Amino acid sequence: MRYFGILVLLVSCNALSAAVAKPLLIAALQTRLAADTDTITKTPADTTAAVVKKNSLSAGINYGSDALFFGRTGPTKYPFMAADLVINYQSGFFIYGSALKVLGYKPVVDEIDVGGGYFYRLSKKFTGTISYTRFIFNKESEIIKSASSNDINFKNSYDWGPFKTSVIGDYLFGKSYDVFATISNSKYWESSWSIFDDQDYLSINPSFNFILGTQNFVQRYSIDHKYRLEANNIYIRNENGIGARANAKFTMLNYSFKVPVSYNRPHYTLEFSYRYSIPVNVEGALLNRRESFYNLTFYYVFY
């Protein structure tokens, strides 16, 4: 644990006008975030409704074409379905839970996450969250995220007007110890016209993101799966060898472009997003390459 302290972070709400439901739904949509800890359940903190001073409950379901974790994927594609439930309090506190199932593999549920945190607003343009998440994995789960079990997440976001900058810090601990910093620049746009009636609208929020950090979780994943994955040339026999030392370096891990397109109504949002991921400085033998990711997400907000 030679690395410590990494700062602040991200997003939560876009300063929107109109009905109370609008900021709630847009915040809810950003649950999958930014850095993308990525395509797997992350940052339900962003669904916080504190901005509108109302208690709310957000329920969502998500399909992803592959499980991406801080810019890294496993040896094969793991398409998944995930369900999320988030309770937001007008005080700014929130709690959440989620379940994930990798499609086509044996475990009924591969992962369950539980956590909570606090949303704060320092000014009209500057917001942030701090949260803790506990990851619980099925012993047979093969997703690369299974090498981690705890995440402390700091997020801050500043809306410049033409675009929004988010800085995200994560400290993961458990079987392995890692720190990450994610920088995201995004531009939100919504239609001034309706699709079916005056209650709906389209929105798009393209972003460019890059992730820096350590990747000890890759080494841990290799060791945990030495019998199943040795044939894929992933297992590194010497845990304390050159590979392990390289994984402990804080370095650039990933660049990505994301384009989410959403259909919004007063209580729910349906979003399709495309992400193009460019991994760099890949250690171990995971052989990560450039890849396209597709996600389809539905969120409903009760308040």
Side-chain angles (χ1 to χ4, degrees), residues 1 3-12 27-50 57-62 64 67-72 80-89 92-102 109-120 127-138 141 143-157 166-182 184 209 211 213-217 220-221 253 295 297 299:
M1 198 178 97
Y3 301 99
F4 56 90
I6 213 167
L7 5 143
V8 268
L9 151 3
L10 165 327
V11 187
S12 197
L29 243 264
Q30 293 173 338
T31 301
R32 300 278 164 201
L33 169 321
D36 284 60
T37 316
D38 305 332
T39 61
I40 299 190
T41 57
K42 188 69 174 87
T43 322
D46 298 332
T47 65
T48 180
L57 184 151
S58 303
I61 187 168
N62 175 53
L68 177 68
F69 187 60
F70 286 106
R72 296 292 182 260
F80 64 89
M81 293 290 297
D84 304 287
L85 190 67
V86 187
I87 301 174
N88 301 290
Y89 298 97
F93 289 99
F94 53 86
I95 56 175
Y96 54 88
S98 63
L100 178 139
K101 162 66 179 172
V102 175
V109 176
D110 289 81
E111 175 188 349
I112 293 176
D113 298 343
V114 292
Y118 181 73
F119 166 89
Y120 55 89
T127 59
T129 61
I130 178 171
S131 64
Y132 165 77
T133 304
R134 169 68 175 175
F135 308 131
I136 304 168
F137 297 96
N138 187 301
S141 178
I143 56 178
I144 194 167
K145 185 181 178 183
S146 61
S148 301
S149 53
N150 303 274
D151 179 22
I152 296 175
N153 180 268
F154 298 90
K155 313 174 187 178
N156 278 294
S157 180
S166 299
V167 182
I168 306 158
D170 287 274
Y171 172 56
L172 277 77
F173 58 98
K175 289 184 178 180
S176 64
Y177 296 83
D178 286 288
V179 290
F180 302 95
T182 302
S184 175
N209 318 287
I211 306 172
T214 59
Q215 44 189 328
N216 294 309
F217 68 96
R220 183 71 257 173
Y221 179 81
L253 299 180
N295 282 75
T297 305
Y299 260 97

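Fair warning: this is a prediction, and the values are worked out from it, not measured in the lab.
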**Val109 and Leu100: CA distance, side-chain angles, deciding distance, side-chain contact (heavy atoms from CB on, under 4.5 Å) verdict** = CA-CA 6 Å; Val109 176; Leu100 178 139; 6.0 Å; no
**Request:** Could you go through the side-chain hydrogen bond (donor to acceptor under 3.5 Å, both in side chains) check for Ser176 and Asn216 one step at a time?
**Result:** CA-CA 6 Å; Ser176 64; Asn216 294 309; over 6 Å; no
**Message:** Evaluate Leu253 against Gln215 for side-chain contact (heavy atoms from CB on, under 4.5 Å), listing each step before the verdict.
**Reply:** CA-CA 8 Å; Leu253 299 180; Gln215 44 189 328; 3.7 Å; yes
**Request:** Decide yes or no on side-chain hydrogen bond (donor to acceptor under 3.5 Å, both in side chains) for Ser58 and Tyr96, but give the supporting numbers first.
**Result:** CA-CA 9 Å; Ser58 303; Tyr96 54 88; over 6 Å; no
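Taking all atoms of both residues into account, the shortest heavy-atom contact from Ser149 to Gly174 is OG-CA, 3.3 Å. The shortest non-hydrogen separation linking Ile168 to Asn153 is CG2-ND2, 3.7 Å. The two residues Phe135 and Asn150 come nearest to each other via the heavy atoms CD1-N, 4.0 Å. Shortest non-hydrogen contact noted between Ala147 and Phe217 is CB-O, 3.3 Å. Considering every non-hydrogen atom in both Ile144 and Arg72, the closest pair reads CG2-O, 3.9 Å. Minimum interatomic distance between Asp84 and Ser98 (heavy atoms only, all atoms of both residues): OD1-CB, 3.0 Å.
Residues that satisfy the side-chain hydrogen bond (donor to acceptor under 3.5 Å, both in side chains) test with Tyr118, not counting sequence neighbours, are absent from this structure. Scored by the ring-ring contact (aromatic ring centres under 6.0 Å, His included) test, Phe173 finds Tyr171 as partners (sequence neighbours excluded).
Between the CD1 atom in Ile136 and the CD atom in Glu111 there is a gap of 9.5 Å [rounded to 0.5 Å]. With values rounded to the nearest 0.5 angstrom, Leu68 atom CG is found 9.0 Å from Phe80 atom CZ. Note that CE of Met81 and CG of Asp110 are 13.0 Å apart. Values are rounded to the nearest 0.5 Å. In this structure, CD1 in Ile211 is found 10.0 Å from CZ in Phe69, a value given to the nearest 0.5 Å. A distance of 9.5 Å separates CG in Leu172 from CD1 in Ile152, rounded to the nearest 0.5 Å. Ile61 contributes atom CD1, which lies 10.5 Å from atom OH of Tyr299 (distance to the nearest 0.5 angstrom).
Between the side chains of Ser157 and Ser166, at least one donor-acceptor pair of N or O atoms lies under 3.5 Å.
Of the possible donor and acceptor atoms, one in the side chain of Thr214 sits under 3.5 Å from a partner among the backbone N and O of Val179. Side-chain N or O atoms of Ser141 include none that pairs as donor or acceptor with a backbone N or O of Asn138 at under 3.5 Å. Side chain of Asp170 to main chain of Phe180: no donor-acceptor pair is present (N/O by atom type, distance under 3.5 Å, no hydrogens or angles).
Within 6.0 Å of atom NZ in Lys175, 12 or fewer heavy atoms from other residues, nucleotides or ligands are found, so the atom counts as exposed in its surroundings.
A cation-pi contact, defined as under 6.0 Å to the ring centre and within 45° of the axis, is absent between Lys145 and Phe137.
Counting heavy atoms from C-beta outward, Val86 and Leu57 have side chains that stay 4.5 Å or more apart. Between Thr127 and Tyr120, the closest side-chain pair of non-hydrogen atoms is not below 4.5 Å.
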